[in-house]
Amino acid sequence: MLTPVPPSTYRSGDGSETRWEGFFTGHRVLDEEQVAELARRLLGVDHTAVAELARSELAPYYADAGEDRPALLLHSATPTLRALAGDLAALRSSRVPHDVATYVEARSVFLGAPTDLTVGRTAPWAEAVGHWNVPAVDVGDRDHYYLSHGLLLLADAHERGVDTPLDRIISWLRDRPDALIRLYALDVEMQVFLLWLRRRTGLTRLLTDANSPAVATRWNRKRHLHPTVEAARTLDADALPADALLRAEQRLGEAHVRLGLELPVLPGYTVLRTNVGVNAFVSGVLDAAALLRTRYGLSRAALKPSEAGDGARIVGNLDLSDAERLTAEARAAHPLGDDYLLEAWVDFLSVRLGDTVLPVIPSGHFRHGRVADGVTLQVLDGYSWMGNSYLDEGAWTSLGLPDEAYRTIRGALEAIRAAFLGPQSVLDGSHEGLATGGVDFAVGRLGGRFGDRLVVGAIDFNLSSHGAEYLRAFQDVARRQGITERYAATRVFRPSADRTLAQLEAAAAAMTSPGSLARAVACVPERWGMMAVTGVDPTAAALRIDRLLTAVTERTAPSELRPNPV
C-alpha cells in the first residue's frame with residue numbers, strides 16, 4: 001500500500017488554513033521572485049532573458065510517432081495551469097482532489113521504454129517505474145508540489161558542490177546527445193532548469209517534444225479566445241446579424257490580433273484581472289453579462305478561469321440576469337489572480353456511447369507538430385475530464401453525429417496549425433512553436449439570436465501534454481503488438497487506497513482476448529487512475545472499459561474476470 005506524505009496545513013495569504021492530507025507531495029512552491037533569483041544564480045541572467053535564451057537553446061522536435069529515439073521523461077505539473085490552486089479549491093469545496101502533481105509524474109512513465117530515463121519522486125511514480133521497467137532517477141524532493149521547483153533547487157545545490165541525483169541525468173544526456181526531452185509543459189521554471197542542464201552537458205541545444213516558450217506561456221490559456229469587454233465595446237453591434245457580430249468580436253481577440261487566427265467560437269468576453277481591484281473585476285463580469293444579453297439575446301453563461309486545467313474552477317449555467325449571483329462568483333474568483341471568461345452556455349448535443357449518454361464535447365489534437373488523426377469524444381464528471389474515446393469520421397457519423405460538425409472541427413484544427421506557421425506568428429515569436437496540445441469544442445445549441453440551430457465552437461486550448469495523449473500512446477502500443485482493433489477508449493477513475501498498478505494491470509490482462517488489448521496507465525490511490533482498452537468500434541470499446549472499471553472499483557479478483565465478447 002502506497003503511503004502519502006504526512007498531513008500538514010496550507011496557509012493562504014489571507015490567513016485561512018486548509019488541511020493538506022492524502023497527497024503524495026507537499027504544498028510548498030517557489031514564488032516568482034525565488035524563481036527569478038534562481039535564474040540569476042544558475043544562468044547568470046535576469047529572468048526576463050530566459051525566454052529568449054530558451055528560443056535559441058531549446059528546440060521543439062517534429063517527428064513521426066514511430067521514430068526510435070531515447071527520451072528523458074521530465075513531466076512536471078505546471079504553475080501556468082494553477083494545478084495547486086485546483087487541488088486546494090477541491091479541498092475547500094469538500095471534493096476529492098486529483099493530486100495533479102503526482103498523477104502527471106506517475107502516468108508519464110507509461111510513455112517510457114527501457115532505453116529511456118524517467119525523473120520523478122512520488123510513490124506512485126516509483127511504483128510505475130518498477131512495473132514498466134523504465135530506468136529512473138528519484139530526485140527525492142517531495143516537499144514541493146511542482147517537480148520543476150524541486151529540480152531548480154537541486155540544480156542550485158549542485159552548483160554549490162552538493163552531491164545530487166542530477167549527476168546521473170547530466171551524464172545520461174551527455175552520452176545521448178540525440179535524446180528527446182519529453183515534457184508536460186515548457187513553463188518558465190522548466191526553461192530555467194533545461195537551460196542550466198544544457199550548459200552542464202555541454203550540448204549545443206536540447207530537443208523537446210513540448211511547444212516553444214511563446215506557445216507554452218502565452219497560448220496555453222483561454223483568454224485569447226474572446227475579446228476583452230473594453231475591446232468589444234468599440235464595435236457598433238446594432239446592425240450586425242449574430243454570426244457576423246461574433247466574427248467581428250473574435251477579430252478583436254488576442255488570437256486574431258497576434259496570429260491572424262479565425263476559428264469557430266462561442267460568444268464570450270475576457271474579463272481582465274491583473275492589477276484590477278475586486279470592484280472593477282466584478283463590474284467587468286457584470287458588463288460581460290450585459291453584452292451577452294443585449295447583443296445575442298442569451299440568458300445563461302459559464303464563468304471560466306483563463307489559466308486552469310481539467311475543468312477546475314468553472315462555474316456553469318449562470319443566470320445572466322442574476323446580478324447578485326454573478327457578483328458573488330466574481331468576488332470568489334478575484335483572489336485566485338488570473339483573467340476570467342464569461343462564455344455563452346451551451347445545451348450540448350448528446351450521444352449514446354455504450355451504456356452512457358455523453359455531451360458532445362470533442363477534442364482535436366496536435367502531435368509531433370501535425371494535426372493528429374480523428375478526434376476524441378470526452379467523458380466528463382461535471383467539468384472534470386474523465387477520459388476519451390477515439391472516433392474517426394466514419395465512427396462519428398455512425399453514432400448519428402452530424403458530419404458537418406466533424407468537418408468544421410477538423411478544419412479549425414488545420415487553421416490553428418496554419419496560424420502558428422503564418423507570417424504573424426514570426427513577429428509573435430510563436431512561429432513553428434506548436435508541437436503538441438489539444439483543443440476542446442462544444443457542439444450544441446445556444447438559443448437567443450442563434451435560435452435552435454446547431455453551433456460548433458472552440459472552448460478550450462490545452463497547448464501542453466494532455467490526457468488524450470495517453471489514449472494515442474496506447475493506440476501506438478496496440479499497433480506495435482499487431483492488435484487488429486483500431487478504436488480505443490481511456491477512462492479516469494478514483495482507485496481505492498489499497499489498489500496498486502500491478503493489480504490494475506492484472507485485471508486488464510484478464511479481460512484481454514486475442515486481437516484486443518487492455519492496460520492500466522497509472523494508479524494514484526484515493527486520487528487518480530487511468531485504464532485503456534481497444535474495441536472493434538467506439539461502442540465496443542466503451543462497453544469494455546465500463547466493464548473493466550466496474551471490476552477494478554468493485555474489487556473483483558483478476559481470476560474472476562473474463563474477456564468481454566464485444
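Considering only residues two or more places apart in sequence or on other chains, P97 meets the side chain to side chain contact (heavy atoms under 4.5 Å, CB included) condition with F23, D87, A90, L91, R527. Residues that satisfy the side chain to side chain contact (heavy atoms under 4.5 Å, CB included) test with S12, not counting sequence neighbours, are Y10, D14, S16, R92. Here N211 pairs with V215, L434, A435, T436, L463 under the side chain to side chain contact (heavy atoms under 4.5 Å, CB included) rule; sequence neighbours left out. Applying the ring-ring contact (aromatic ring centres under 6.0 Å, His included) test to Y406 and every residue at least two apart in sequence or in another chain returns W396. Legend: residues meeting ring-ring contact (aromatic ring centres under 6.0 Å, His included) with W125, ordered by chain and number and at least two apart, are absent. Under the salt bridge (Lys or Arg N to Asp or Glu O under 4.0 Å) criterion, R410 pairs with no residue at all, not counting sequence neighbours. Residues forming a salt bridge (Lys or Arg N to Asp or Glu O under 4.0 Å) with R28 (at least two apart in sequence, or on another chain): none. Every side chain to side chain contact (heavy atoms under 4.5 Å, CB included) that S363 has, sequence neighbours left out, goes to H365, T376, Q378, D440.
The minimum heavy-atom distance between D187 and T78, with the atom names listed, is OD2-OG1, 2.7 Å. The heavy-atom pair separating I416 from L263 by the smallest distance is CD1-CD1, 3.8 Å. Scanning both residues, A210 and L186, for their nearest heavy atoms gives CB-CB, 4.0 Å. The minimum heavy-atom distance linking A51 with Q191 is given by the pair CA-OE1, 3.6 Å. Of all heavy-atom pairs spanning A289 and L326, the tightest one is CB-CD1, 3.7 Å. Across Y269 and V229, no two heavy atoms sit closer than the pair CB-CG2, 4.0 Å.
D322 places a side-chain N or O within 3.5 Å of a backbone atom of R325 that can act as its donor or acceptor partner. Not one N or O on the side chain of N317 forms a donor-acceptor pair closer than 3.5 Å with the backbone of W345. T356 contributes no side-chain N or O that, together with a main-chain N or O of L358, makes up a donor-acceptor pair within less than 3.5 Å. The closest donor-acceptor contact from the side chain of R445 to the backbone of D452 lies under 3.5 Å. R142 places no side-chain N or O within 3.5 Å of a backbone atom of F24 that could act as its donor or acceptor partner. No donor-acceptor pair under 3.5 Å is formed between the side chain of E21 and the backbone N or O of S8. A side-chain donor-acceptor contact under 3.5 Å links Y146 to the backbone of L84. Side-chain atoms of W219 never come within 3.5 Å of backbone atoms of S430 as a donor-acceptor pair (strictly under, hydrogens ignored). Between the R494 side chain and the E526 main chain, a donor and an acceptor come within less than 3.5 Å of each other. In this structure a side-chain-to-backbone donor-acceptor pair under 3.5 Å is present from R417 to G369.
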L240 and L246: CA distance, side-chain angles, deciding distance, side-chain contact (heavy atoms from CB on, under 4.5 Å) verdict: CA-CA 9 Å; L240 292 175; L246 184 55; over 6 Å; no

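At least one side-chain heavy atom of L74 sits under 4.5 Å from a side-chain heavy atom of L151. Using a 4.5 Å cut-off on side-chain heavy atoms (C-beta onward), R121 and E105 make contact. Counting heavy atoms from C-beta on, the side chains of Y470 and R107 come closer than 4.5 Å. At least one side-chain heavy atom of P60 sits less than 4.5 Å from a side-chain heavy atom of S212. You'll find the side chain of I361 stays beyond 4.5 Å of the side chain of V443, heavy atoms only. The closest side-chain heavy-atom distance from L454 to P402 is below 4.5 Å. Looking only at side-chain heavy atoms (C-beta outward), S306 and T270 stay at 4.5 Å or farther from each other. Taking 4.5 Å as the limit, every side-chain heavy atom of P305 sits out of range of all side-chain heavy atoms of R273.
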Do any side-chain atoms of residues 33-43 form donor-acceptor pairs under 3.5 angstrom with protein atoms, and if so which ones, sequence neighbours left out?
| residue | atom | partner | partner atom | Å |
| --- | --- | --- | --- | --- |
| Q34 | OE1 | D31 | N | 2.8 |
| E37 | OE1 | R40 | NE | 3.2 |
| E37 | OE1 | R40 | NH2 | 3.0 |
| E37 | OE2 | R41 | NH1 | 3.4 |
| R41 | NE | D156 | OD1 | 3.0 |
| R41 | NH2 | D156 | OD2 | 2.9 |

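Note: H431 and F420 fail the aromatic proximity criterion, with ring centroids not under 6.0 Å apart.
Counting only residues at least two apart or on different chains, the side-chain hydrogen bond (donor to acceptor under 3.5 Å, both in side chains) pairs with a member in residues 234-245 are D243-R453. Pairs passing the salt bridge (Lys or Arg N to Asp or Glu O under 4.0 Å) check and including a residue from residues 339-349, sequence neighbours excluded, read R223-D339, R300-D347, K304-E343. Within the structure, every pair that satisfies the side-chain hydrogen bond (donor to acceptor under 3.5 Å, both in side chains) test and touches residues 284-295, not counting sequence neighbours, is listed here: R233-D287, E249-R295.
Between Y103 and W528, the two ring planes are parallel [angle under 30°; tilted spans 30° to 60°]. Between F450 and Y296, the angle of the ring planes stays under 30°, which puts this pair in the parallel group of the 30/60° scheme.
A salt bridge links R82 with D338: the closest approach of a Lys/Arg side-chain nitrogen to an acidic carboxylate oxygen falls below 4.0 angstrom.
Judged purely by distance below 3.5 Å, without hydrogens or angles, the side chains of Y383 and R313 never pair a donor atom with an acceptor atom. Using modelled atom types, one finds no donor on one side chain facing an acceptor on the other under 3.5 Å when comparing T25 with H144. Between the side chains of S389 and R491, at least one donor N or O lies within less than 3.5 Å of an accepting N or O.
Rounding to the nearest 0.5 angstrom, the gap separating the CZ atom in F493 from the CG atom in D381 is 14.0 Å. Residue T490 holds its OG1 atom at 11.5 Å from CD of E469, rounded to the nearest 0.5 Å.
In the displayed structure, E17 atom CD is contacted under 6.0 Å by more than 12 heavy atoms of other residues, nucleotides or ligands.
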